[in-house]
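Proteins come first, then strands; the chains are lettered A, B, ... in the order of their sequence lines, and each starts at number 1. Basis for what follows: all heavy atoms, side chains included, without hydrogens, waters or symmetry-related copies.
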Amino acid sequence: MERTLIKDLRSKIDQTVELKGWLQVLRDQKKIQFIILRDPTGAAQVAHWKPNNEALAEEIAKLGTESALTITGKVIDNPVVKLNGLEIQLESLTVDNNAESPLPFDPFAETLPTIDYRQDWRYMDLRRPVNNLFFQVETLVELAMREYWTKNNFIEIHTPKLVGAPSESGAELFSLDYFERKAYLAQSPQFYKQMAMASGFERIFEIGPVFRADPSFTSRHMTEFTGVDMEMSWIESHEDVMASEEAWINYIYTRVKEQYGDAIKEHFGVDLVVPTLPFPRIPMKEVVEILKSRGWVPADKKGDIDPAGERDIAAYVKEKYNHDFVFLTDWPIGVRPFYHMRKPEDETLTRSFDLIACGLEITTGAQREHRVEVLQKQATEKGLHFEPIQFYLDFFRYGCPPHGGFGLGLARLMMVMLGVGNIRESVFLFRGPTRLIP
RNA sequence: GGGGGCGUGGUGUAGCGGCUAACAUGCGGCCCUGUCAAGGCCGAGAUCGCGGGUUCGAACCCCGUCGCUCCCGCCA
(Lines give C-alpha, C1' and ligand atoms only; values in the text may rest on other atoms or scores of the structure.)
Protein backbone atom coordinates (compact mmCIF):
# COMPACT_ATOMS: atom_id res chain seq x y z
CA MET A 1 0.00 0.00 0.00
CA GLU A 2 1.26 3.48 -0.75
CA ARG A 3 1.98 5.73 2.17
CA THR A 4 -0.51 8.51 2.82
CA LEU A 5 0.65 11.78 4.38
CA ILE A 6 -1.36 12.96 7.34
CA LYS A 7 -2.22 16.26 5.69
CA ASP A 8 -4.01 14.32 2.94
CA LEU A 9 -6.23 12.21 5.21
CA ARG A 10 -9.31 14.37 4.72
CA SER A 11 -9.51 13.24 1.11
CA LYS A 12 -9.36 9.57 2.09
CA ILE A 13 -12.48 9.27 4.24
CA ASP A 14 -13.76 5.67 4.47
CA GLN A 15 -10.63 4.34 2.78
CA THR A 16 -7.95 2.18 4.31
CA VAL A 17 -4.61 3.96 4.33
CA GLU A 18 -1.03 3.38 5.39
CA LEU A 19 0.59 6.01 7.61
CA LYS A 20 4.19 6.31 8.70
CA GLY A 21 5.31 8.46 11.59
CA TRP A 22 6.14 8.82 15.25
CA LEU A 23 4.12 7.93 18.29
CA GLN A 24 3.58 11.28 19.91
CA VAL A 25 1.13 10.25 22.63
CA LEU A 26 -0.41 6.96 23.67
CA ARG A 27 -3.60 7.08 25.68
CA ASP A 28 -4.20 3.52 26.78
CA GLN A 29 -7.65 3.00 28.23
CA LYS A 30 -9.59 -0.01 29.39
CA LYS A 31 -11.26 -0.82 26.12
CA ILE A 32 -9.63 1.49 23.65
CA GLN A 33 -6.21 2.83 22.82
CA PHE A 34 -5.56 6.16 21.18
CA ILE A 35 -2.31 6.73 19.36
CA ILE A 36 -1.44 10.21 18.25
CA LEU A 37 0.76 9.63 15.23
CA ARG A 38 2.85 12.49 13.85
CA ASP A 39 4.49 12.82 10.48
CA PRO A 40 6.16 15.90 9.03
CA THR A 41 2.82 17.06 7.64
CA GLY A 42 0.74 16.87 10.79
CA ALA A 43 -0.72 14.60 13.47
CA ALA A 44 -3.67 12.23 13.51
CA GLN A 45 -5.51 10.13 16.05
CA VAL A 46 -5.42 6.39 15.57
CA ALA A 47 -7.97 4.41 17.59
CA HIS A 48 -7.68 0.76 18.50
CA TRP A 49 -10.63 -1.08 20.05
CA LYS A 50 -8.76 -3.52 22.25
CA PRO A 51 -11.22 -6.46 22.24
CA ASN A 52 -10.70 -6.67 18.48
CA ASN A 53 -7.11 -7.79 18.96
CA GLU A 54 -5.83 -8.26 22.49
CA ALA A 55 -2.36 -9.32 21.33
CA LEU A 56 -1.96 -6.14 19.34
CA ALA A 57 -3.26 -4.15 22.29
CA GLU A 58 -0.52 -5.58 24.47
CA GLU A 59 2.10 -4.73 21.89
CA ILE A 60 0.83 -1.16 21.66
CA ALA A 61 0.80 -0.83 25.43
CA LYS A 62 4.56 -1.42 25.47
CA LEU A 63 5.43 1.16 22.81
CA GLY A 64 7.75 3.92 23.86
CA THR A 65 6.84 7.51 23.08
CA GLU A 66 8.44 8.65 19.80
CA SER A 67 8.67 5.13 18.36
CA ALA A 68 8.75 5.02 14.57
CA LEU A 69 5.63 3.23 13.32
CA THR A 70 3.85 2.16 10.19
CA ILE A 71 0.13 1.68 10.64
CA THR A 72 -2.79 0.87 8.43
CA GLY A 73 -6.39 1.65 9.16
CA LYS A 74 -9.61 3.08 7.91
CA VAL A 75 -10.08 6.84 7.86
CA ILE A 76 -13.27 7.91 9.63
CA ASP A 77 -14.86 11.32 9.68
CA ASN A 78 -15.57 11.94 13.36
CA PRO A 79 -16.42 15.49 14.44
CA VAL A 80 -16.01 14.48 18.10
CA VAL A 81 -12.25 14.13 17.61
CA LYS A 82 -10.54 17.40 18.33
CA LEU A 83 -7.60 16.64 16.09
CA ASN A 84 -9.02 17.64 12.68
CA GLY A 85 -12.28 15.77 13.27
CA LEU A 86 -10.71 12.61 11.90
CA GLU A 87 -9.59 9.31 13.23
CA ILE A 88 -8.01 6.15 11.89
CA GLN A 89 -9.46 2.84 12.98
CA LEU A 90 -6.38 0.72 13.42
CA GLU A 91 -6.06 -2.41 11.34
CA SER A 92 -2.37 -3.25 11.55
CA LEU A 93 0.74 -1.81 13.11
CA THR A 94 4.44 -2.33 12.50
CA VAL A 95 7.09 -1.07 14.89
CA ASP A 96 9.86 0.09 12.59
CA ASN A 97 11.98 1.27 15.48
CA ASN A 98 10.89 1.26 19.09
CA ALA A 99 11.91 4.28 21.15
CA GLU A 100 13.69 3.47 24.38
CA SER A 101 12.20 4.82 27.53
CA PRO A 102 12.60 7.27 29.04
CA LEU A 103 13.52 9.68 26.28
CA PRO A 104 16.53 11.97 26.80
CA PHE A 105 13.93 14.69 26.74
CA ASP A 106 10.39 15.20 25.54
CA PRO A 107 10.46 17.42 22.45
CA PHE A 108 6.82 18.28 23.08
CA ALA A 109 7.10 19.28 26.72
CA GLU A 110 6.05 22.78 27.74
CA THR A 111 9.53 23.65 28.92
CA LEU A 112 12.50 22.55 26.88
CA PRO A 113 15.97 21.66 28.16
CA THR A 114 18.79 24.15 27.81
CA ILE A 115 20.17 24.74 24.36
CA ASP A 116 23.37 22.84 25.12
CA TYR A 117 21.54 19.69 26.14
CA ARG A 118 19.24 19.91 23.14
CA GLN A 119 22.30 20.04 20.92
CA ASP A 120 23.46 16.74 22.42
CA TRP A 121 20.15 15.30 21.23
CA ARG A 122 19.66 17.56 18.25
CA TYR A 123 17.74 14.97 16.26
CA MET A 124 15.10 14.85 18.97
CA ASP A 125 14.95 18.63 19.04
CA LEU A 126 14.54 18.70 15.27
CA ARG A 127 11.41 16.56 15.53
CA ARG A 128 9.54 19.60 16.75
CA PRO A 129 7.36 20.88 13.91
CA VAL A 130 8.71 24.39 14.32
CA ASN A 131 12.17 23.10 13.47
CA ASN A 132 10.90 21.10 10.54
CA LEU A 133 9.29 24.27 9.25
CA PHE A 134 12.53 26.15 9.80
CA PHE A 135 14.35 23.93 7.34
CA GLN A 136 11.50 23.94 4.86
CA VAL A 137 11.77 27.72 4.87
CA GLU A 138 15.54 27.60 4.59
CA THR A 139 15.22 25.32 1.58
CA LEU A 140 12.95 27.85 -0.07
CA VAL A 141 15.26 30.70 0.87
CA GLU A 142 18.15 29.02 -0.92
CA LEU A 143 15.93 28.15 -3.86
CA ALA A 144 14.77 31.77 -4.11
CA MET A 145 18.37 32.98 -3.95
CA ARG A 146 19.26 30.75 -6.86
CA GLU A 147 16.10 31.64 -8.75
CA TYR A 148 16.84 35.32 -8.51
CA TRP A 149 20.46 34.94 -9.46
CA THR A 150 19.98 32.53 -12.33
CA LYS A 151 17.24 34.77 -13.72
CA ASN A 152 19.78 37.58 -13.61
CA ASN A 153 22.56 35.71 -15.40
CA PHE A 154 24.65 34.75 -12.40
CA ILE A 155 26.80 31.62 -12.58
CA GLU A 156 27.05 29.35 -9.55
CA ILE A 157 30.57 28.33 -8.60
CA HIS A 158 32.16 26.13 -5.96
CA THR A 159 35.53 27.23 -4.70
CA PRO A 160 38.05 25.12 -2.76
CA LYS A 161 37.78 24.97 0.99
CA LEU A 162 41.29 23.58 1.32
CA VAL A 163 43.58 26.51 0.73
CA GLY A 164 47.29 27.18 0.92
CA ALA A 165 47.25 30.77 2.08
CA PRO A 166 45.12 33.00 4.25
CA SER A 167 43.00 35.51 2.37
CA GLU A 168 43.64 38.15 5.00
CA SER A 169 45.45 38.29 8.29
CA GLY A 170 45.41 34.57 8.93
CA ALA A 171 44.60 34.93 12.58
CA GLU A 172 41.28 33.16 12.24
CA LEU A 173 42.41 30.23 10.08
CA PHE A 174 42.14 26.57 10.96
CA SER A 175 45.25 24.78 9.83
CA LEU A 176 45.66 21.11 9.11
CA ASP A 177 48.25 18.66 7.88
CA TYR A 178 48.28 18.40 4.12
CA PHE A 179 50.69 15.61 3.19
CA GLU A 180 54.10 17.14 3.80
CA ARG A 181 52.91 20.66 4.46
CA LYS A 182 50.23 22.87 5.98
CA ALA A 183 46.85 23.65 4.52
CA TYR A 184 44.06 25.85 5.82
CA LEU A 185 40.28 25.79 5.78
CA ALA A 186 38.97 28.69 3.73
CA GLN A 187 37.62 31.51 5.90
CA SER A 188 36.00 33.08 2.86
CA PRO A 189 35.73 32.49 -0.90
CA GLN A 190 36.78 36.11 -1.34
CA PHE A 191 39.85 35.63 -3.53
CA TYR A 192 38.28 32.98 -5.70
CA LYS A 193 35.09 34.82 -6.44
CA GLN A 194 37.25 37.72 -7.57
CA MET A 195 39.15 35.25 -9.74
CA ALA A 196 35.84 34.47 -11.39
CA MET A 197 35.62 38.14 -12.35
CA ALA A 198 39.08 37.92 -13.90
CA SER A 199 37.78 34.77 -15.61
CA GLY A 200 35.16 36.81 -17.40
CA PHE A 201 32.21 35.19 -15.60
CA GLU A 202 30.86 38.69 -14.89
CA ARG A 203 28.34 37.56 -12.28
CA ILE A 204 28.77 34.66 -9.87
CA PHE A 205 27.52 33.35 -6.58
CA GLU A 206 28.45 30.63 -4.18
CA ILE A 207 26.63 29.06 -1.26
CA GLY A 208 29.08 27.02 0.75
CA PRO A 209 30.91 26.38 4.01
CA VAL A 210 33.17 28.94 5.62
CA PHE A 211 35.48 28.32 8.56
CA ARG A 212 36.56 30.80 11.20
CA ALA A 213 38.92 29.92 14.04
CA ASP A 214 37.49 32.64 16.27
CA PRO A 215 36.97 31.67 19.90
CA SER A 216 33.69 33.57 19.94
CA PHE A 217 31.10 32.78 22.56
CA THR A 218 28.01 34.60 21.42
CA SER A 219 24.54 33.72 20.20
CA ARG A 220 25.47 34.69 16.64
CA HIS A 221 28.91 33.17 15.92
CA MET A 222 29.96 29.78 14.65
CA THR A 223 33.31 28.30 13.66
CA GLU A 224 31.74 26.76 10.57
CA PHE A 225 28.82 28.29 8.75
CA THR A 226 27.22 28.55 5.37
CA GLY A 227 28.38 31.63 3.53
CA VAL A 228 26.31 33.13 0.75
CA ASP A 229 28.60 35.07 -1.53
CA MET A 230 28.10 37.04 -4.69
CA GLU A 231 30.37 39.01 -6.99
CA MET A 232 29.53 41.11 -10.05
CA SER A 233 31.56 42.91 -12.72
CA TRP A 234 31.42 46.26 -14.48
CA ILE A 235 29.96 48.12 -11.55
CA GLU A 236 30.26 51.85 -11.01
CA SER A 237 30.48 51.64 -7.23
CA HIS A 238 29.30 49.73 -4.19
CA GLU A 239 25.90 51.27 -4.81
CA ASP A 240 25.39 48.78 -7.63
CA VAL A 241 26.10 45.92 -5.23
CA MET A 242 23.67 47.25 -2.65
CA ALA A 243 20.97 47.74 -5.26
CA SER A 244 21.46 44.17 -6.37
CA GLU A 245 21.42 42.77 -2.84
CA GLU A 246 18.29 44.60 -1.74
CA ALA A 247 16.34 43.47 -4.80
CA TRP A 248 17.51 39.93 -4.14
CA ILE A 249 16.45 40.04 -0.49
CA ASN A 250 13.13 41.57 -1.46
CA TYR A 251 12.61 38.63 -3.84
CA ILE A 252 13.54 36.05 -1.19
CA TYR A 253 11.13 37.53 1.34
CA THR A 254 8.37 37.73 -1.23
CA ARG A 255 8.75 34.05 -2.09
CA VAL A 256 8.89 32.97 1.55
CA LYS A 257 5.93 35.11 2.54
CA GLU A 258 3.68 33.79 -0.21
CA GLN A 259 4.51 30.16 0.52
CA TYR A 260 5.06 30.07 4.28
CA GLY A 261 3.69 33.36 5.64
CA ASP A 262 0.82 31.72 7.52
CA ALA A 263 2.88 28.83 8.86
CA ILE A 264 5.60 31.23 10.03
CA LYS A 265 2.98 33.31 11.79
CA GLU A 266 1.62 30.22 13.48
CA HIS A 267 4.89 28.54 14.53
CA PHE A 268 7.27 31.45 15.00
CA GLY A 269 4.77 34.16 15.88
CA VAL A 270 6.40 36.33 13.23
CA ASP A 271 4.39 38.38 10.79
CA LEU A 272 6.84 38.33 7.91
CA VAL A 273 7.27 41.77 6.38
CA VAL A 274 8.70 41.96 2.87
CA PRO A 275 11.21 44.82 3.08
CA THR A 276 10.39 47.69 0.75
CA LEU A 277 12.84 49.07 -1.79
CA PRO A 278 15.15 50.81 -1.55
CA PHE A 279 16.60 50.00 1.88
CA PRO A 280 17.79 53.05 3.81
CA ARG A 281 21.48 53.85 3.40
CA ILE A 282 23.50 55.81 5.93
CA PRO A 283 27.21 56.67 5.63
CA MET A 284 29.19 55.61 8.67
CA LYS A 285 30.23 59.15 9.46
CA GLU A 286 26.56 60.04 9.78
CA VAL A 287 25.83 56.85 11.69
CA VAL A 288 28.31 57.85 14.37
CA GLU A 289 26.75 61.33 14.62
CA ILE A 290 23.26 59.88 14.90
CA LEU A 291 24.34 57.44 17.59
CA LYS A 292 26.13 60.14 19.54
CA SER A 293 23.00 62.30 19.48
CA ARG A 294 21.14 59.35 20.97
CA GLY A 295 23.61 59.02 23.82
CA TRP A 296 25.78 56.24 22.42
CA VAL A 297 29.39 56.35 23.55
CA PRO A 298 31.78 55.52 20.70
CA ALA A 299 34.08 52.65 21.66
CA ASP A 300 36.94 54.78 20.29
CA LYS A 301 37.51 52.51 17.34
CA LYS A 302 38.32 54.75 14.42
CA GLY A 303 34.84 55.07 13.02
CA ASP A 304 33.59 51.58 13.79
CA ILE A 305 30.57 50.82 15.93
CA ASP A 306 29.88 48.02 18.38
CA PRO A 307 26.94 45.60 18.44
CA ALA A 308 25.03 47.88 20.79
CA GLY A 309 25.53 50.66 18.24
CA GLU A 310 24.26 48.38 15.49
CA ARG A 311 21.15 47.66 17.49
CA ASP A 312 20.62 51.31 18.22
CA ILE A 313 21.05 52.46 14.63
CA ALA A 314 18.56 49.75 13.68
CA ALA A 315 16.14 51.17 16.23
CA TYR A 316 16.66 54.64 14.76
CA VAL A 317 15.98 53.38 11.25
CA LYS A 318 12.88 51.56 12.48
CA GLU A 319 11.58 54.76 14.08
CA LYS A 320 12.46 57.05 11.23
CA TYR A 321 11.86 54.88 8.16
CA ASN A 322 9.88 51.97 9.63
CA HIS A 323 12.38 49.66 7.99
CA ASP A 324 14.10 46.54 9.37
CA PHE A 325 17.09 46.76 7.06
CA VAL A 326 19.74 49.41 6.71
CA PHE A 327 22.95 49.70 4.71
CA LEU A 328 25.77 51.33 6.61
CA THR A 329 28.10 52.68 3.96
CA ASP A 330 31.50 54.27 3.36
CA TRP A 331 33.47 52.64 6.17
CA PRO A 332 36.84 54.08 7.12
CA ILE A 333 39.86 52.27 5.68
CA GLY A 334 41.17 51.34 9.11
CA VAL A 335 38.43 48.82 9.75
CA ARG A 336 38.26 47.37 6.24
CA PRO A 337 40.47 44.88 4.41
CA PHE A 338 43.10 45.95 1.88
CA TYR A 339 41.07 44.87 -1.15
CA HIS A 340 38.18 47.29 -0.54
CA MET A 341 38.29 50.15 -3.04
CA ARG A 342 38.81 53.58 -1.55
CA LYS A 343 36.64 56.54 -2.34
CA PRO A 344 38.42 58.76 -4.90
CA GLU A 345 37.00 61.88 -3.26
CA ASP A 346 38.09 60.81 0.24
CA GLU A 347 40.94 58.32 0.49
CA THR A 348 40.20 57.66 4.16
CA LEU A 349 36.91 55.98 3.28
CA THR A 350 36.07 52.82 1.36
CA ARG A 351 33.38 51.97 -1.14
CA SER A 352 31.97 49.43 1.26
CA PHE A 353 28.90 48.63 3.26
CA ASP A 354 27.41 46.41 5.93
CA LEU A 355 23.81 45.32 5.90
CA ILE A 356 22.16 45.41 9.30
CA ALA A 357 18.90 43.51 9.65
CA CYS A 358 16.87 43.93 12.83
CA GLY A 359 20.06 45.08 14.54
CA LEU A 360 22.14 42.11 13.39
CA GLU A 361 25.02 42.36 10.96
CA ILE A 362 24.27 39.93 8.16
CA THR A 363 26.39 41.18 5.26
CA THR A 364 29.63 42.88 4.40
CA GLY A 365 30.16 44.08 0.85
CA ALA A 366 32.25 46.43 -1.23
CA GLN A 367 33.58 47.42 -4.56
CA ARG A 368 36.98 45.70 -4.82
CA GLU A 369 40.20 47.33 -5.83
CA HIS A 370 40.99 45.89 -9.27
CA ARG A 371 44.01 48.06 -10.16
CA VAL A 372 46.94 45.90 -9.24
CA GLU A 373 49.36 48.67 -8.35
CA VAL A 374 46.78 50.30 -6.04
CA LEU A 375 45.99 46.92 -4.55
CA GLN A 376 49.67 46.28 -3.85
CA LYS A 377 50.02 49.67 -2.23
CA GLN A 378 47.03 49.01 0.03
CA ALA A 379 48.29 45.54 0.93
CA THR A 380 51.63 47.02 1.90
CA GLU A 381 49.89 49.60 4.07
CA LYS A 382 48.14 46.78 5.91
CA GLY A 383 51.46 45.07 6.49
CA LEU A 384 50.84 42.15 4.12
CA HIS A 385 53.57 40.37 2.21
CA PHE A 386 53.09 39.79 -1.48
CA GLU A 387 54.48 36.25 -1.74
CA PRO A 388 51.62 34.29 -0.20
CA ILE A 389 49.00 36.30 -2.10
CA GLN A 390 50.87 36.64 -5.36
CA PHE A 391 48.43 34.30 -7.12
CA TYR A 392 45.67 36.67 -6.03
CA LEU A 393 47.48 39.81 -7.13
CA ASP A 394 48.04 38.11 -10.50
CA PHE A 395 44.27 38.03 -11.05
CA PHE A 396 44.43 41.74 -11.77
CA ARG A 397 47.23 41.77 -14.30
CA TYR A 398 45.57 40.78 -17.55
CA GLY A 399 42.22 42.50 -17.87
CA CYS A 400 40.10 42.29 -14.75
CA PRO A 401 36.92 44.37 -14.88
CA PRO A 402 35.85 46.63 -12.02
CA HIS A 403 33.77 44.54 -9.68
CA GLY A 404 32.26 44.16 -6.25
CA GLY A 405 30.17 41.82 -4.18
CA PHE A 406 29.07 40.78 -0.75
CA GLY A 407 29.03 37.91 1.69
CA LEU A 408 26.01 37.04 3.77
CA GLY A 409 25.59 34.59 6.62
CA LEU A 410 22.77 32.18 5.81
CA ALA A 411 22.02 31.32 9.42
CA ARG A 412 22.00 34.98 10.39
CA LEU A 413 19.51 35.76 7.67
CA MET A 414 17.34 32.91 8.93
CA MET A 415 17.60 34.21 12.50
CA VAL A 416 16.40 37.60 11.42
CA MET A 417 13.68 36.30 9.13
CA LEU A 418 12.14 33.93 11.66
CA GLY A 419 12.96 35.81 14.85
CA VAL A 420 15.22 33.06 16.22
CA GLY A 421 17.31 34.42 19.07
CA ASN A 422 20.27 32.05 18.89
CA ILE A 423 22.25 30.92 15.87
CA ARG A 424 22.49 27.44 17.38
CA GLU A 425 18.78 27.09 16.69
CA SER A 426 19.35 28.43 13.22
CA VAL A 427 21.53 25.63 11.83
CA PHE A 428 21.13 21.89 11.47
CA LEU A 429 24.18 21.28 13.63
CA PHE A 430 26.13 23.97 15.41
CA ARG A 431 29.90 24.18 15.37
CA GLY A 432 31.59 26.35 17.96
CA PRO A 433 34.88 26.46 19.86
CA THR A 434 33.70 23.75 22.25
CA ARG A 435 31.17 21.92 20.09
CA LEU A 436 32.26 19.29 17.58
CA ILE A 437 29.74 16.54 18.40
CA PRO A 438 27.35 15.35 17.13
C1' G B 1 41.01 36.29 25.31
C1' G B 2 38.04 39.76 29.13
C1' G B 3 33.45 40.32 32.11
C1' G B 4 28.56 38.81 34.22
C1' G B 5 25.17 34.74 35.38
C1' C B 6 24.10 29.64 36.29
C1' G B 7 25.39 24.33 37.66
C1' U B 8 19.89 20.34 42.67
C1' G B 9 16.19 13.17 40.40
C1' G B 10 15.88 11.84 32.89
C1' U B 11 14.20 17.04 31.86
C1' G B 12 12.63 22.02 33.79
C1' U B 13 12.64 24.43 38.40
C1' A B 14 12.11 25.60 44.11
C1' G B 15 15.05 25.59 48.44
C1' C B 16 20.14 29.92 49.80
C1' G B 17 23.17 27.94 57.36
C1' G B 18 19.57 23.04 60.94
C1' C B 19 15.50 18.18 55.72
C1' U B 20 13.86 12.27 56.10
C1' A B 21 16.10 17.94 49.85
C1' A B 22 10.35 20.09 47.50
C1' C B 23 7.31 20.90 42.87
C1' A B 24 6.16 20.08 37.69
C1' U B 25 6.93 16.89 33.78
C1' G B 26 8.58 12.23 32.22
C1' C B 27 9.02 6.95 33.80
C1' G B 28 6.72 2.19 36.40
C1' G B 29 2.19 0.06 38.75
C1' C B 30 -3.04 0.24 39.92
C1' C B 31 -8.04 2.58 39.34
C1' C B 32 -11.53 5.25 36.22
C1' U B 33 -12.73 6.80 31.60
C1' G B 34 -14.21 7.51 23.58
C1' U B 35 -9.66 9.78 25.30
C1' C B 36 -8.02 14.29 23.13
C1' A B 37 -3.14 19.70 27.65
C1' A B 38 -7.24 13.25 29.87
C1' G B 39 -8.20 12.41 35.41
C1' G B 40 -7.18 9.89 40.35
C1' C B 41 -4.01 6.96 43.74
C1' C B 42 0.74 4.68 44.65
C1' G B 43 5.93 4.08 43.48
C1' A B 44 11.03 4.28 41.67
C1' G B 45 14.48 8.05 40.64
C1' A B 46 19.31 13.41 43.31
C1' U B 47 25.54 11.30 47.83
C1' C B 48 22.52 19.19 45.33
C1' G B 49 29.27 19.67 38.96
C1' C B 50 34.16 18.56 41.32
C1' G B 51 38.08 19.75 45.16
C1' G B 52 39.31 22.34 49.44
C1' G B 53 37.96 25.68 53.46
C1' U B 54 34.67 28.26 57.36
C1' U B 55 31.05 26.21 60.97
C1' C B 56 28.57 22.17 66.20
C1' G B 57 26.17 21.76 61.34
C1' A B 58 26.97 23.44 54.12
C1' A B 59 22.77 22.25 48.40
C1' C B 60 23.01 27.04 50.93
C1' C B 61 28.88 31.01 53.05
C1' C B 62 34.34 31.50 51.15
C1' C B 63 38.42 29.96 47.71
C1' G B 64 39.83 27.11 43.60
C1' U B 65 38.53 24.24 39.42
C1' C B 66 35.57 22.38 35.43
C1' G B 67 31.23 22.88 32.43
C1' C B 68 27.35 25.67 30.33
C1' U B 69 25.31 30.34 29.13
C1' C B 70 25.02 35.57 27.92
C1' C B 71 27.68 40.08 26.89
C1' C B 72 32.25 42.41 25.02
C1' G B 73 36.32 41.81 21.53
C1' C B 74 35.93 39.71 16.26
C1' C B 75 32.89 39.06 12.50
C1' A B 76 28.73 36.68 8.56
Original post:
Could you spell out the base pairing of RNA chain B in dot-bracket, with Watson-Crick or G-U pairs whose two distances are under 3.5 Å, [ ] crossing and | to another strand?
Top reply: ((((((((.[[[[.)..(...]]]].(((((.......))))).....[[[[[..)....]]]]])))))))....
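The only member of A:Asp116, A:Thr223, A:Ile423 that meets side-chain contact (heavy atoms from CB on, under 4.5 Å) when paired with A:Phe430 is A:Ile423.
A salt bridge is defined here as a Lys NZ or Arg NE, NH1 or NH2 lying under 4.0 Å from an Asp or Glu carboxylate O, and A:Asp354 with A:Arg336 meets this definition. A salt bridge links A:Glu239 and A:Arg281; the closest N-O separation between the charged side-chain nitrogens and carboxylate oxygens is under 4.0 Å.
Residues satisfying the ring-ring contact (aromatic ring centres under 6.0 Å, His included) test with A:His267, not counting sequence neighbours, are none. The ring-ring contact (aromatic ring centres under 6.0 Å, His included) search around A:Tyr253 returns A:Phe325, not counting sequence neighbours.
What separates CZ of A:Arg431 from C1' of B:A76 is a distance of 18 Å, to the nearest Å.
Contact annotation for A:Val210: no contact, since no heavy-atom pair falls under 4.0 Å across all strands. Counting any heavy atom pair closer than 4.0 Å across all strands shown, A:Asp120 reaches no nucleic acid atom.
For A:Asp116, the listed nucleotide lying nearest its side chain is B:C68; candidates were B:C68, B:G73, B:U35.
No donor-acceptor contact under 3.5 angstrom links the side chains of A:Thr72 and A:Lys74, judged on distance only.
Of the P atoms belonging to B:G40 and B:G26, the separation is 12 Å, rounded to the nearest Å.
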Could you pull out all donor-acceptor pairs under 3.5 Å where a side-chain atom in residues 98-106 of chain A meets a protein atom, sequence neighbours excluded?
residue  : atom : partner  : partner atom : Å
A:Asn98  : OD1  : A:Gly64  : N            : 3.2
A:Asn98  : OD1  : A:Ser67  : OG           : 2.9
A:Asp106 : OD1  : A:Phe108 : N            : 2.8

Which atom pairs, one a donor and one an acceptor, fall under 3.5 Å between side chains of residues 12-22 of chain A and the rest of the protein, sequence neighbours left out?
residue : atom : partner : partner atom : Å
A:Thr16 : OG1  : A:Glu91 : OE2          : 3.4
A:Lys20 : NZ   : A:Thr70 : OG1          : 3.0

Polar atoms only, N or O, under 3.5 Å: list the protein pairs with nucleotides 38-46 of chain B and their distances.
residue : atom : partner : partner atom : Å
B:A38   : OP2  : A:Arg27 : NH1          : 2.4

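Taking 4.0 angstrom as the limit, A:Thr363 places none of its side-chain polar atoms (N or O) nearer than this to OP1 or OP2 of B:C75.
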